[in-house]
Amino acid sequence: MNPFLIGENITDHYKKIDFTLSDTNEILCADQYIMEHKNGLFVIGLSEKHFLCNNKDKYKITNIEFVSNKSENDKQVSKKKKNCIKPNTIICNITFNDNYTIPITSHVKGKLIEINDRINENPSIVALKPINYGFLAIIDPNDVLKKEEQRKELISSFISRNNYYI
């Protein structure tokens with residue numbers, strides 16, 4: 001990502017998340033970024049501090065499966081319902097080393113408008129280039145966060161770039 005874009009067109013926020021490996025109880029950094037474009041859209045991805053990005057030799061991404069909001073009982077889901085997500089909605093599951101899976105949640109409320117198609121061809125791009133080409137999804141909160149107070153409340157739950165990289 002061009003560092004000049006941060007601050008001009010994009011404000012980046014971070015969510016600190018701990019992930020525990022089940023067999024070793026090792027606690028790993030599973031932080032995510034939430035980049036807010038000046039048009040109001042949010043881009044979701046793995047932080048550069050995420051263990052999958054920092055330990056590419058030890059942890060190899062083998063699959064990324066995007067999760068549908070369709071339940072097993074539903075034959076079809078309306079387009080409107082299918083794209084609506086909440087902050088705790090799992091947008092994808094990342095499988096690494098063929099036997100571990102980590103869920104990635106959206107952390108924002110809105111409409112899922114795009115998932116990164118590059119990931120289907122090369123799942124490891126999420127760790128290799130997490131900011132530029134490895135983003136996971138784009139979410140439009142504009143229909144949901146109509147009031148500025150709602151947006152500010154959401155943003156206050158994130159960590160700013162300055163505080164994250166201290």
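For reference, positions follow the sequence shown, starting with 1.
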Check for me, please, whether [X] and [Y] land in the same ILVMFWY cluster - side-chain distances under 4.5 Å, paths through other members count.
X: L128; Y: M35; answer: no
X: I138; Y: I10; answer: yes
X: L21; Y: I94; answer: yes
X: I102; Y: I115; answer: yes
X: Y59; Y: I17; answer: no

N-O pairing of D140 and K111 below 4.0 Å: no
Where do I61 and V126 land on the side chain to side chain contact (heavy atoms under 4.5 Å, CB included) test, with the steps shown first? CA-CA 8 Å; I61 296 175; V126 169; 4.2 Å; yes
A side-chain contact here means heavy atoms from C-beta on lying under 4.5 Å apart; do [X] and [Y] qualify?
X: T20; Y: L28; value: no
X: I64; Y: T95; value: no
X: V108; Y: I34; value: yes
X: I159; Y: K15; value: no
X: K56; Y: F51; value: no
X: F96; Y: L52; value: yes
X: V67; Y: I91; value: no
X: I131; Y: Y33; value: yes

**OP:** Test Y165 against Y14 for ring-ring contact (aromatic ring centres under 6.0 Å, His included), laying out the working first.
**Re:** CA-CA 10 Å; Y165 283 104; Y14 298 87; 5.6 Å; yes
Closest non-hydrogen atom pair, [X] against [Y]:
X: K86; Y: S106; value: O-OG, 2.7 Å
X: K58; Y: N97; value: O-ND2, 3.1 Å
X: C53; Y: L46; value: SG-CB, 4.0 Å
X: T105; Y: P87; value: CB-O, 4.0 Å

What's the separation between atom [atom1] in [X] and atom [atom2] in [Y], rounded to the nearest 0.5 Å?
X: N88; Y: K109; atom1: CG; atom2: NZ; result: 10.5 Å
X: S156; Y: H13; atom1: OG; atom2: NE2; result: 10.5 Å
X: E36; Y: I139; atom1: CD; atom2: CD1; result: 12.5 Å

Assess, by modelled atom type and distance only, whether the side chains of [X] and [Y] contain a donor and an acceptor separated by less than 3.5 Å.
X: S124; Y: N122; result: yes
X: D31; Y: Y164; result: yes
X: D23; Y: Y100; result: yes
X: H107; Y: Q32; result: yes

If you count every heavy atom of other residues, nucleotides or ligands that lies below 6.0 Å from [X] atom [atom1], does the total exceed 12?
X: E65; atom1: CD; value: no
X: K129; atom1: NZ; value: no
X: Y133; atom1: OH; value: no

Practice problem: Examine distances only and state if a side-chain atom of T24 and a backbone atom of E26 form a donor-acceptor pair shorter than 3.5 Å. | Solution: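 The answer is yes, because a donor-acceptor pair under 3.5 Å joins these two groups.
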If we ignore hydrogens and angles and just use 3.5 Å, is the side chain of N116 paired with the main-chain N or O of F135 as donor and acceptor?
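Yes; at least one donor-acceptor contact below 3.5 Å.
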Please work out which of the three classes, parallel, tilted or perpendicular, describes the rings of F158 and F42, given edges at 30° and 60°.
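Rings of F42 and F158: perpendicular, over 60°.
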### Message
If the test is side chain to side chain contact (heavy atoms under 4.5 Å, CB included), which one of L136, I119, N63 qualifies with C92?
### Response
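Checked L136, I119, N63 against C92; only one passes side chain to side chain contact (heavy atoms under 4.5 Å, CB included): L136.
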